[in-house]
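To keep things clear, I will list the structure first and then write my remarks on it.
The basis for the numbers below is simple: all heavy atoms, side chains too, and nothing from hydrogens, waters or symmetry mates. Just so it is clear: chains get the letters A, B, ... in the order the sequence lines come, proteins before strands, and each one is counted from 1.
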Amino acid sequence: MADIILKVSKGQKFSDLVPEKLHQRIVAARMNKKLFDLSDEVPEDGDAELIDVYSDDGLIILRHSTAHVLANAVVELYNALPNTSNENLDGFYYDFDMQPVSTEDFPKIEEKMNEIIKKDLKIEKYTMKRDDILNLFRNNPYKTDKILKNADDDATVYREGDYYEFCRGPHVPSTGFIKAFKLLSVASTTYNGEINGKRMIRIYGTAFPDKKMLDQFLRNREEAMKRDHRRIGQEMDLFIFDTERAPGMPFYTPNGAIIRNELIKYMSEINASNNWQEVWTAHVFRDIIWKQSGHYDKYKNDMFLFQLENGEHYGLKPMNCPGHIAIFQRNVYSYRDMPVKYCEPGTVYRYEKSGEMGGLTRPRGFTIDDGHGFLRQDQILDEVSSLLGMIHDVFNTIMGDVEFSFDLSIMDKNNPGNYLIEYKCKNCGNIFMLRAASSNLECPNCSSKDLEMDFSMWDTATENLRKALESKNLRYKEYPGEAAFYGPKIDVHVKDALNRFWQLSTIQLDFFMPINFDLYYINSDGKKERPVIIHRAIYGSYERFIAILLEHYNGKLPTWLSPIQTYVIPVSENYNEYALSINNLFIKHGIRSRIDLSSETISKKIKMIRSMRPSYIIVVGEREEHNKSISIRNRKDKTLEMPVNEFIEKINDEISSREINQMF
RNA sequence: GCCGUCGUAGCUCAGCCUGGUAGAGCGCGUGCUUGGUAAGCACGAGGUCGCGGGAUCGAAUCCCGUCGGCGGCUCCA
């Protein structure tokens, strides 16, 4: 439905503007970017937008209102003290101070919620004085705290039956607007996320405008759980975790190593064709390099650091950039040599806290398809454009025609102290870079405090990132204040088959490392000049990317990535010889083929191998031997007989062109 | 790191509440079966119940500690 925009005049009630037939669909209104309850009066003449429950904003309002019904129910059932709720892409949650509940209690809570919904309680809004609100919530310290922090004398309180909520709104007009909801899970959390805060119970749920959408969501959710990469990894025998002896470290089994190596090989080709030179760097460094890079100060608690008998201090690399910088420093470069671009499948080790690890998505050791470019400032645009092209090619090749989203994280000029920026001393003319938050704002040369900020480096870099995105016609969102202190960045998200966005690629500009390591090149005037470093990864990490691919394809990887490309099954022992000759022929032609000579029935062999997701199952018997052919069963369980040589040619094409779809 | 929850055969799990030193299915091995596209039959091997301690005549089971896993929180260069 298109947004409904109406001319409205001051004093009208929004609810009176809703067309009769949309009565159950319009949940709120918006004017001048402000949301209103339908019970509100129009504040001034102008254009108002009616918010449909099927729109993004409407959905959030619906979920928000459902969270309140949850709170209402939980307060009645358990005498809980509600704290706060939130809504997101998947649903909502509400935090309570209460005795722990489990999912077994959900039916009871849902029943109570349904009662509240059936009553179709009006959700009424009251504007109240702060002291009155405080009085109303005097028995709830969490609400009191929030009121003290947020309320002024025209703050709002909403009533739903006997239940009151201190809230900005808006809400759906009555509880009957909630047509389809479900509680999903329960977890514990801390009050306001404070690390030592009071323990709270968080109940997760979701709501949709109709039952059909809810069911679809629940089905997707179930499918996502079935597709969990840990489960698929087990079924396909791809990797293991030796949780006792090497917690958080993935081990690739032969099948998993095939996938990883194919991805590395492809990235290596992409890198080479875009002039990124492959290097190899050490995994263990003396700690001095981490002190120089700044990682030690900031991340030493998250690093694997150790000391030898002789007293020397070492650390495993948590980042690849210092290694690449070390290689860059072997030479003096002319501006003509730039850019210098090094890349590497670089394995890094980070001591993630025990509770922060999880499968392949958050291991302690992982390999980044890392790259560091050393650029002149005028080369940023070209390089970023080239990277955006690489990103496009890579994901379209591997995942198909996927949807992307781009985040541009930029500096917040209202808080320049957070960032490393250039200053000019008005006293002595010295130009230097400084992160104001971390040191005194004074000229390192003459100690003058009369300084002028110069944003030009940031402005140029940010403008180049924008230009690169725009030149490729990519839509992006800007996030002021989200830039790293050392530079702006682009993060790339890719949508998978289950409609989930994953952050994969990142392109970060860095003004800081070049200073820490005193990097320079010689410009056309023969003077030293600082390069900008570009940090980039396309897959992100191999571990995470493999996990995403497994879930995206439900393990049914394109043939070029598939650990088992053909699985040969003879109909009976009488055809073992023919089957063996076929298998050997495949292997000779570079196809990853296996054969099943066990004395099981053909049905059982197929049943057993299915969880390993071979690309093609090849069945041979009398007919095939006679015809010099094979029977091929594809991933969709279609079968086709084909001459052996024709199949070999076709599958080799499929593999070498990294085709996503099967030959039939 | 914090809260919750879990750890039994290669895998998935039952037994634990209400102590009497282990069970299933799949897989694996052997034999029979020679089967044409999602489980043929029989027999067999395999586990000191994550690890350490405590109370008990006796612990997979109860208590404490510890190491891991999972769901969240916090964090993620």
Side-chain angles (χ1 to χ4, degrees), chain A residues 93 95 99-103 184-204 225 228 230-231 234-235 237 240-248 290 293-303 317-322 348-359 361-364 366 368 370 484-487 489 503 506 508 510 512-513 535 537 540-541 544 567 569-576 596-611 616-624 631-634 637-641:
Chain A
Y93 63 75
D95 290 352
Q99 288 303 306
V101 287
S102 77
T103 50
L184 299 173
S185 61
V186 57
S188 74
T189 179
T190 54
Y191 178 57
N192 288 353
E194 290 158 17
I195 195 150
N196 288 317
K198 158 94 181 155
R199 280 289 131 199
M200 308 290 281
I201 304 294
R202 174 170 293 182
I203 298 178
Y204 286 86
M225 281 195 278
D228 188 297
R230 284 164 294 201
R231 180 185 178 131
Q234 171 80 255
E235 289 174 357
D237 189 20
I240 58 152
F241 285 89
D242 190 338
T243 57
E244 297 284 338
R245 294 177 294 187
W290 309 117
S293 71
H295 292 115
Y296 188 91
D297 265 354
K298 211 166 168 207
Y299 296 110
K300 62 170 176 284
N301 291 329
D302 304 313
M303 287 177 65
K317 63 171 164 182
M319 290 278 280
N320 294 305
C321 32
V348 297
Y349 301 90
R350 299 175 185 178
Y351 187 79
E352 305 289 353
K353 305 276 181 293
S354 58
E356 288 161 354
M357 293 188 293
T361 47
R362 194 83 187 271
R364 280 185 178 153
F366 58 98
I368 306 170
D370 215 346
F485 76 87
Y486 50 76
K489 63 172 179 177
Q503 196 212 305
T506 178
Q508 305 190 7
D510 182 352
F512 189 57
M513 266 327 146
H535 304 253
S541 90
R544 212 171 98 91
Y567 191 76
I569 300 176
V571 165
S572 82
E573 241 168 54
N574 300 330
Y575 311 101
N576 278 2
D596 187 342
L597 295 175
S598 69
S599 67
E600 290 300 340
T601 61
I602 180 170
S603 294
K604 180 155 181 186
K605 287 179 185 176
I606 288 172
K607 169 89 179 171
M608 293 312 304
I609 198 62
R610 283 179 65 84
S611 66
Y616 296 100
I617 296 173
I618 308 297
V619 176
V620 294
E622 188 181 359
R623 193 174 66 234
E624 290 79 6
S631 283
I632 308 150
R633 182 187 175 118
N634 71 9
D637 296 321
K638 293 228 166 62
T639 57
L640 188 71
E641 192 178 334

Distance check needed: [N] [atom2] versus [X] [atom1], whole Å only.
| X | N | atom1 | atom2 | result |
| --- | --- | --- | --- | --- |
| A:E235 | B:G27 | CD | P | 15 Å |
| A:I569 | B:A38 | CD1 | C1' | 11 Å |
| A:R610 | B:C11 | CZ | P | 24 Å |
| A:Y575 | B:U37 | OH | P | 14 Å |
| A:Y567 | B:A38 | OH | C1' | 14 Å |
| A:I240 | B:C11 | CD1 | P | 10 Å |
| A:K353 | B:C3 | NZ | P | 16 Å |
| A:L640 | B:U37 | CG | C1' | 14 Å |

Looking at [Y] and [X], is any side-chain nitrogen of the basic one under 4.0 Å from a carboxylate oxygen of the acidic one?
| X | Y | answer |
| --- | --- | --- |
| A:D95 | A:R202 | yes |
| A:D228 | A:R231 | no |
| A:D637 | A:R610 | yes |

Could you work out which one of [options] sits closest to the side chain of [X]?
| X | options | answer |
| --- | --- | --- |
| A:I606 | B:G36, B:A38, B:G27 | B:A38 |
| A:K604 | B:G40, B:C73, B:G35 | B:G40 |
| A:N574 | B:U34, B:G36, B:G72 | B:U34 |
| A:M608 | B:G27, B:G1, B:G68 | B:G27 |
| A:Y204 | B:G71, B:A39, B:G72 | B:G72 |
| A:I602 | B:U34, B:U37, B:G68 | B:U37 |
| A:E600 | B:G69, B:G40, B:U12 | B:G40 |
| A:R230 | B:U37, B:G71, B:G69 | B:G71 |

Now, which nucleotide makes the Watson-Crick or G-U wobble pair with [N], with each of the two distances under 3.5 Å?
| N | answer |
| --- | --- |
| B:A60 | none |
| B:C13 | B:G23 |
| B:G68 | B:C6 |
| B:C28 | B:G44 |
| B:A38 | none |

Quiz prompt | Polar pair under 3.5 Å, donor/acceptor by atom type, side chain A:T189, base B:U74 | solution = no
Quiz item: Got a donor-acceptor pair under 3.5 Å from the side chain of A:E244 to the base of B:G69?
Solution: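 A donor-acceptor contact between them is absent.
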Rounding to the closest angstrom, what is the interatomic distance between [N] and [M] at atom [atom1]?
| N | M | atom1 | answer |
| --- | --- | --- | --- |
| B:C57 | B:C13 | C1' | 33 Å |
| B:C17 | B:C6 | P | 14 Å |
| B:A60 | B:A9 | P | 14 Å |
| B:A59 | B:G4 | P | 29 Å |
| B:C62 | B:C2 | C1' | 27 Å |
| B:G44 | B:C16 | P | 28 Å |
| B:G15 | B:G58 | P | 27 Å |
| B:G27 | B:A42 | P | 13 Å |

Practice problem: Identify, with sequence neighbours excluded, every residue that meets side chain to side chain donor-acceptor pair (under 3.5 Å) alongside A:N320. | Solution: A:K317, A:D370
Self-check item: Contact nearer the 5' end of RNA chain B, comparing A:K605 with A:D637
Solution: A:K605
Exercise. Hey, which sits more toward the 5' end of RNA chain B by its nearest nucleotide, A:M200 or A:K607?
Key: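 It is A:M200, whose closest nucleotide lies nearer the 5' terminus.
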Exercise. Return yes when atom CD of A:Q503 has more than 12 non-hydrogen atoms of other residues, nucleotides or ligands closer than 6.0 Å, and no otherwise.
Key: yes
Quiz item: With distance as the sole test, does A:K605 use its side chain to make a donor-acceptor pair with the main-chain N or O of A:S598 at under 3.5 Å?
Solution: yes
What nucleic acid atoms does [X] come within less than 4.0 Å of, heavy atoms only: base, sugar-phosphate, or nothing?
| X | value |
| --- | --- |
| A:S185 | nothing |
| A:G294 | nothing |
| A:R633 | base |

Practice problem: Decide whether a cation-pi geometry holds between A:R364 and A:Y351; the criteria are a distance under 6.0 Å from NZ or CZ to the six-membered ring centre and an angle within 45° of the ring axis. | Solution: yes
Using distance alone, with no hydrogens and no angle criterion, decide if [X] and [Y] have a side-chain donor and acceptor under 3.5 Å apart.
| X | Y | answer |
| --- | --- | --- |
| A:D596 | A:Y567 | yes |
| A:E573 | A:S599 | no |
| A:Y575 | A:E624 | no |

Give me the distances for all protein-to-nucleotides 75-77 of chain B N/O pairs that come in under 3.5 Å?
residue : atom : partner : partner atom : Å
B:C75   : O2   : A:E356  : OE1          : 3.4
B:C75   : O2   : A:E356  : OE2          : 3.3
B:C75   : O2   : A:R362  : NH2          : 2.7
B:C75   : N3   : A:R362  : NH1          : 3.0
B:C76   : O2   : A:R362  : NE           : 3.1
B:C76   : O2   : A:R362  : NH1          : 3.4
B:C76   : O2   : A:R362  : NH2          : 3.4
B:A77   : O4'  : A:Y299  : OH           : 2.8
B:A77   : N7   : A:R350  : NH1          : 3.3

